[in-house]
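In what follows, a single structure is set out as structure tokens and then discussed.
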Amino acid sequence: MGEHSAETASSSSSLMTDFLQQAGGAAVIDGGLATELESHGADLNDPLWSAKCLLSSPHLIHRVHLDYLEAGADIIITASYQATIQGFEAKGFSKEEGETMLKKSVEIACEARNTYYERCSESSCDVTGDGKILKHRKILVAASVGSYGAYLADGSEYSGNYGDAITLETLKDFHRRRVQVLVESGPDLIAFETVPNKLEAQAYAELLEEEDIRIPAWFSFNSKDGNNVVSGDSLVECASIAESCKKVVAVGINCTPPRFIHGLILAIKKVTTKPILIYPNSGEFYDATIKEWVQNTGVSDEDFVSFVNNWCKAGASLVGGCCRTTPNTIRAIYRTMSNRSPV
């Protein structure tokens, strides 16, 4: 690693350390995006999923980001999880149009942050009568990168089984331009989310080095058994890849049922010194054949939040929600975290 990238790595790790210090040792990540967009009337039955709104209704994305900030989130994640240049091209858009939409996802999040700061400066109190949190604090915009499986839109991000034809080089080539475009759009960090297998984690780690990416990243894996990532690869081995990559400033778990989280934090803690982040789903079951969440299979906001103190005690310092969690979930997490005495 050259002197220049060593500098980048040290400024990367200090970004997260400083941010967590300013937040009092623990910070709040936002919650589910797609399900919130749907609750505001967006139709997401499309291979582009929430990225479809970058085309049809950017104002709704802005609104959901703002809802999460007003619920106490310190980090908002862009609507680019399913946004890939290849995915847009498959829908008949040019490469340039695809890149413009990727940039737009970051721009919308940054605009929402600015709107929020304006509201904070106009407000005389930190919490309004209707429970909105208008507290001026450092807010990070994380540019979301979904896995190769998310682009396929066939549920393979939940199996991590890409077949033998998909190699390390294939994955790097698939993600390369997208990561470059997102970085150029000015987010604070990149969130590699729902990483389903070791190969893709390795591809991300190598891309960060090869492209000399100047902003930090986090790696977030998903598990359906509480031991391994969804492909069956060892979580500890996956977390070790994140640990050895200097540009990765946090490692953790997303889109995983809450009941598994405590054990997964303990497993990650064995191999990493980096901050641990967790943003589980609501625990509901997703039926990939009918592409719908099975009602009443999840945990309530109250139950979800009752886990939070234990997660923080176990070692998590960044906590939020994934699919099917709402601004109410995040508000409840914010309150729980605010009441905790810093570790």
Side-chain angles (χ1 to χ4, degrees), residues 1-2 5-6 8-9 12-13 16 77 80-87 142-152 154-183 189-225 227-256 264-265 267-278:
M1 188 158 74
S5 44
T8 312
S12 288
S13 62
M16 189 53 85
I77 302 175
S80 49
Y81 178 81
Q82 205 97 344
T84 61
I85 295 163
Q86 298 88 333
S144 169
V145 173
S147 68
Y148 176 72
Y151 148 75
L152 296 174
D154 62 0
S156 59
E157 79 247 55
Y158 299 111
S159 72
N161 180 12
Y162 294 163
D164 297 337
I166 301 300
T167 64
L168 189 64
E169 291 307 316
T170 319
L171 290 174
K172 286 199 292 194
D173 290 344
F174 176 79
H175 288 293
R176 191 178 309 269
R177 183 65 193 137
R178 175 196 194 188
V179 168
Q180 288 168 340
V181 172
L182 286 170
V183 170
L189 67 143
I190 312 174
F192 293 102
E193 304 189 275
T194 329
V195 185
N197 57 41
K198 203 164 79 174
L199 189 68
E200 198 147 26
Q202 189 63 44
Y204 292 147
E206 290 186 17
L207 263 188
L208 288 171
E209 288 302 329
E210 286 170 16
E211 296 303 317
D212 196 20
I213 298 299
R214 301 291 176 83
I215 60 171
W218 80 42
F219 282 12
S220 185
F221 299 93
N222 59 334
S223 170
K224 52 187 176 196
D225 63 2
N227 292 313
N228 300 309
V229 298
V230 290
S231 62
D233 289 344
S234 145
L235 173 67
V236 168
E237 286 178 23
C238 288
S240 299
I241 291 171
E243 173 64 15
S244 61
C245 181
K246 298 280 187 296
K247 290 178 184 172
V248 174
V249 292
V251 56
I253 297 288
N254 74 301
C255 214
T256 294
L264 293 167
I265 294 170
I268 292 172
K269 211 161 89 172
K270 287 179 187 157
V271 292
T272 191
T273 52
K274 300 180 199 276
I276 294 175
L277 62 111
I278 47 149

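Residue numbers count from 1 along this sequence.
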Candidates T256, V229, N228 - the one meeting side chain to side chain contact (heavy atoms under 4.5 Å, CB included) with L264:
T256
Return the OH to NE2 distance between Y151 and H175, rounded to the nearest 0.5 Å.
11.0 Å
Name all residues meeting the side chain to side chain contact (heavy atoms under 4.5 Å, CB included) criterion together with A142; count only those two or more places apart in sequence or in a different chain, and write none if there are none.
I75, I77, L189, A191, W218
Under the side-chain hydrogen bond (donor to acceptor under 3.5 Å, both in side chains) test, residues paired with T170 that sit two or more places apart:
T167
Can K247 and L207 be said to form a side chain to side chain contact (heavy atoms under 4.5 Å, CB included), step by step?
CA-CA 11 Å; K247 290 178 184 172; L207 263 188; over 6 Å; no
Indicate yes or no for a side-chain donor-acceptor contact from Q82 to the backbone of A150 under 3.5 Å, with no hydrogens or angles considered.
yes
Scanning both residues in full, the closest heavy-atom pair of I241 with Q202 reads CD1-OE1, 3.6 Å
Mind jotting down which residue pairs meet the salt bridge (charged side-chain N to carboxylate O under 4.0 Å, His left out) criterion with at least one end in residues 154-167? Sequence neighbours excluded, please.
none
All side chain to side chain contact (heavy atoms under 4.5 Å, CB included) counterparts of V230, not counting sequence neighbours:
P196, N222, K224
Can you list everything that forms a side chain to side chain contact (heavy atoms under 4.5 Å, CB included) with L199? Sequence neighbours excluded, please.
L168, L171, N197
Check side-chain hydrogen bond (donor to acceptor under 3.5 Å, both in side chains) between S220 and all other residues, then give those that pass, not counting sequence neighbours.
N254
Partners meeting ring pair (Phe, Tyr, Trp, His ring centres under 6.0 Å) with Y162 (sequence neighbours left out):
Y148
Report yes or no: does K198 contribute a side-chain atom to a donor-acceptor pair with the main-chain N or O of D233 at less than 3.5 Å?
no
If the condition is side-chain hydrogen bond (donor to acceptor under 3.5 Å, both in side chains), which residues does E243 pass it with, not counting sequence neighbours?
T272, T273
Least distance between heavy atoms, E209 atom then C245 atom:
OE2-SG, 4.5 Å
Heavy-atom pair of closest approach, residues A242 and V251
CB-CG2, 3.7 Å
Among residues at least two apart in sequence or on other chains, which ones pass side chain to side chain contact (heavy atoms under 4.5 Å, CB included) with V183?
V179, I190, I213, I215
Side chains of F219 and L208: does their closest heavy-atom pair fall under 4.5 Å?
yes
Check step by step if side chain to side chain contact (heavy atoms under 4.5 Å, CB included) holds for S147 and Y204.
CA-CA 10 Å; S147 68; Y204 292 147; 4.2 Å; yes
S80 side-chain N/O to S144 backbone N/O, donor-acceptor pair under 3.5 Å:
yes
Closest contact, heavy atoms only, A250 versus L277:
CB-CD2, 3.3 Å
To the nearest 0.5 Å, how far apart are NZ in K274 and CD1 in I276?
12.0 Å
Atom pair CD1 (I253) and OG1 (T194), whose distance is rounded to the nearest 0.5 Å
10.5 Å
Could I get the full list of ring pair (Phe, Tyr, Trp, His ring centres under 6.0 Å) partners for Y81, not counting sequence neighbours?
none
What are the two closest non-hydrogen atoms of I268 and G252, and how far apart are they?
CD1-CA, 3.9 Å
Sequence neighbours excluded, the answer for side-chain hydrogen bond (donor to acceptor under 3.5 Å, both in side chains) partners of E210 is K172, R176
